[in-house]
Amino acid sequence: MFKDKKVVFSGVQPSGSLTIGNYLGAIKNFNAFSEEYQCLYCVVNEHAITVRQNPADLRKRTYETLALYMACGLDPEKNTLFVQSHVAAHAELGWILDCYTMFGELSRMTQFKDKSAKNADNINAGLFTYPTLMAADILLYQTELVPVGVDQKQHLELARDIAERFNGIYGETFVVPEGYIPPVTAKIMSLAEPTKKMSKSDENENAVVRILDPRDAIIRKFKRAVTDSGNEIRRGEGKDGIENLMSIYSAFTGKTLDEIESEFDGVGYGDFKLAVGEACADALAPVQAEFDRLMKDKAYLETVMKNGADMANYMAARTMSKVRRKIGFVEIK
Ligand code: TRP
């Protein structure tokens with residue numbers, strides 16, 4: 001069906017609290033891929049249960065995450081949007097790949113070390129083998145390109161190693177995927193510590209602007225953004241805070257940094273921060289309105305999930321039959 005198109009796959013945790021960094025650096029640009037690639041975006045609810053979840057919240061956030069992706073412009077007619085647990089092959093391939101992943105490799109994953117430090121009372125086996133399930137997500141669809149944040153680079157390297165190892169034993173089975181780290185996300189920094197990346201899990205809410213934050217919260221957060229003791233809106237040594245606000249303003253308005261420097265020549269920090277907050281809130285308003293509309297239409301969201309699952313299952317089945325045959329699992333018709 002889509003034989004000639006290369007595949008893009010990315011997974012997103014059902015957290016619903018994505019930041020403007022996720023929006024500007026990733027989601028907003030994902031549509032551009034759909035011309036050239038067949039794109040699958042998966043709400044990874046099986047990954048989510050590696051830490052304890054409230055069932056009602058998990059269910060709600062699964063709808064929200066799908067709705068948020070669509071509200072940000074991802075068209076379900078042009079992209080396959082689906083939920084991980086609707087495609088049983090993720091768990092099946094995850095198990096198989098567990099048997100081709102070394103204990104030592106998983107022990108070296110920095111995210112496992114971080115998460116086990118944070119969840120000391122629940123260091124379950126799923127938390128440990130999480131990267132293998134992620135490898136399964138990717139390899140199941142013969143993915144060429146994986147847009148991810150820098151924090152996922154190590155997991156992606158492992159997915160490549162697992163694919164190469166499997167291919168080395170059984171012959172070409174999986175495409176070895178490449179990571180794609182969107183250039184802008186790297187540049188959206190925390191509003192509280194502008195030398196640190198804006199992170200959706202930052203404990204300081206003032207440091208992070210979320211796609212679904214209400215207008216007044218957005219304006220307030222920008223007002224409180226950390227800057228420097230100077231008074232000029234320009235790039236330069238020690239001006240990380242101002243530079244960050246300039247890149248955010250640039251990303252939302254399309255103006256270049258040079259244009260911004262002249263636009264705000266002689267303007268104080270307070271007025272500039274307000275302008276950035278307003279530009280951000282204005283740009284997010286239509287996304288938020290579309291999100292609210294979609295969340296009222298569960299039946300439609302379920303249709304999108306169902307169609308996505310059908311396509312994903314179809315593609316996954318082809319890889320799975322190849323994998324089972326190569327391993328030596330008996331097939332019955
Ligand atoms: N681990 C990723 C994260 O926390 C989410 C994820 C799961 C993913 N499976 C994936 C990302 C496959 C890319 C491809 O952000």
Side-chain angles (χ1 to χ4, degrees), residues 6-19 21-23 25-27 29-30 33 37-51 53 58 61-62 65-66 68-69 74 79-87 89-95 97-98 101 105-106 109-116 118-119 126-163 174-182 185-186 197-202 208 211 308 312 315-316 319:
K6 292 180 173 179
V7 173
V8 161
F9 182 100
S10 195
V12 56
Q13 298 255 9
S15 71
S17 56
L18 297 174
T19 72
N22 300 125
Y23 177 68
I27 318 174
N29 311 312
F30 279 178
F33 285 125
Y37 293 88
Q38 187 186 0
C39 302
L40 296 107
Y41 299 108
C42 176
V43 181
V44 291
N45 56 351
E46 292 174 341
H47 281 88
I49 62 166
T50 54
V51 298
Q53 300 284 340
L58 180 60
R61 285 202 310 267
T62 302
T65 305
L66 188 76
L68 189 57
Y69 265 63
L74 274 189
N79 302 274
T80 299
L81 308 178
F82 73 107
V83 176
Q84 191 178 28
S85 62
H86 293 156
V87 180
H90 287 256
E92 184 184 0
L93 186 60
W95 167 255
L97 297 183
D98 274 341
T101 308
E105 288 176 313
L106 292 173
M109 296 292 122
T110 55
Q111 198 173 69
F112 170 70
K113 292 185 211 168
D114 291 349
K115 284 198 179 175
S116 33
K118 276 193 203 145
N119 301 281
L127 195 65
F128 188 63
T129 60
Y130 176 114
T132 322
L133 181 60
M134 177 164 160
D137 299 340
I138 297 166
L139 302 184
L140 200 46
Y141 302 99
Q142 306 294 348
T143 304
E144 303 262 346
L145 203 62
V146 187
V148 277
V150 240
D151 60 322
Q152 295 300 313
K153 226 175 139 184
Q154 199 186 24
H155 290 165
L156 195 80
E157 281 303 316
L158 181 67
R160 290 170 56 88
D161 291 345
I162 296 171
F174 297 119
V175 168
V176 180
E178 297 286 339
Y180 172 76
I181 297 178
T185 13
K197 204 186 124 190
M198 185 181 284
S199 154
K200 63 176 189 261
S201 49
D202 200 313
V208 198
I211 302 175
M315 293 173 70
T319 301

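Note that ligands are numbered from 1 as they come in the structure, with each ligand's atoms numbered from 1 the same way.
- Within ligand 1, counting atoms from 1 as listed, the ones closer than 4.0 Å to a heavy atom of Val44 are 7 (C), 9 (N).
- Residues Gln38 and Thr80 form a side-chain contact, since some pair of their non-hydrogen atoms from C-beta on lies under 4.5 Å apart.
- At distances below 3.5 Å, at least one donor-acceptor pair connects side-chain atoms of Thr319 with backbone N or O atoms of Leu140.
- For ligand 1 and Gln13, the ligand atoms under 4.0 Å from any heavy atom of the residue are 4 (O).
- Near Phe9, meaning under 4.0 Å from any of its heavy atoms, are these atoms of ligand 1: 12 (C), 14 (C).
- Of the polar atoms of Tyr130, at least one N or O is found under 3.5 Å from an N or O of ligand 1, judged by distance alone.
- Aromatic ring pairs are classed by plane angle as parallel below 30°, tilted from 30° to 60° and perpendicular above 60°; the pair Tyr69 and Tyr41 is tilted.
- One finds the NZ atom of Lys200 at 6.5 Å from the OG atom of Ser17 (value rounded to the nearest 0.5 Å).
- Side-chain contact between Gln13 and Arg61: absent, with no pair of heavy atoms (C-beta onward) separated by less than 4.5 Å.
- Near Val146, meaning under 4.0 Å from any of its heavy atoms, are these atoms of ligand 1: 13 (C), 14 (C).
- In terms of protein heavy atoms, atom 9 (N) of ligand 1 is closest to Asp137 OD2, 2.7 Å.
- In terms of N/O distances under 3.5 Å, ligand 1 is approached by Gln152.
- Residue contacts with ligand 1, taken as heavy atom pairs separated by less than 4.0 Å, do not involve Leu133 at all.
- The single protein non-hydrogen atom nearest to atom 5 (C) of ligand 1 is Gly11 O, 3.6 Å, given as residue, atom name and distance.
- When ring centroids are compared, Tyr141 and His90 come within the 6.0 Å threshold.
- Classification of the Tyr37-Phe33 ring pair by plane angle, with boundaries at 30° and 60°, yields perpendicular.
- Put simply, the side chain of Thr132 never gets that close to the backbone of Leu97: no donor and acceptor are under 3.5 Å apart.
- For a threshold of 3.5 Å applied to N or O pairs, the pair formed by Lys200 and ligand 1 contains no separation below that value.
- Of all the atoms in ligand 1, the ones that sit under 4.0 Å from a non-hydrogen atom of Val148 are 11 (C), 13 (C).
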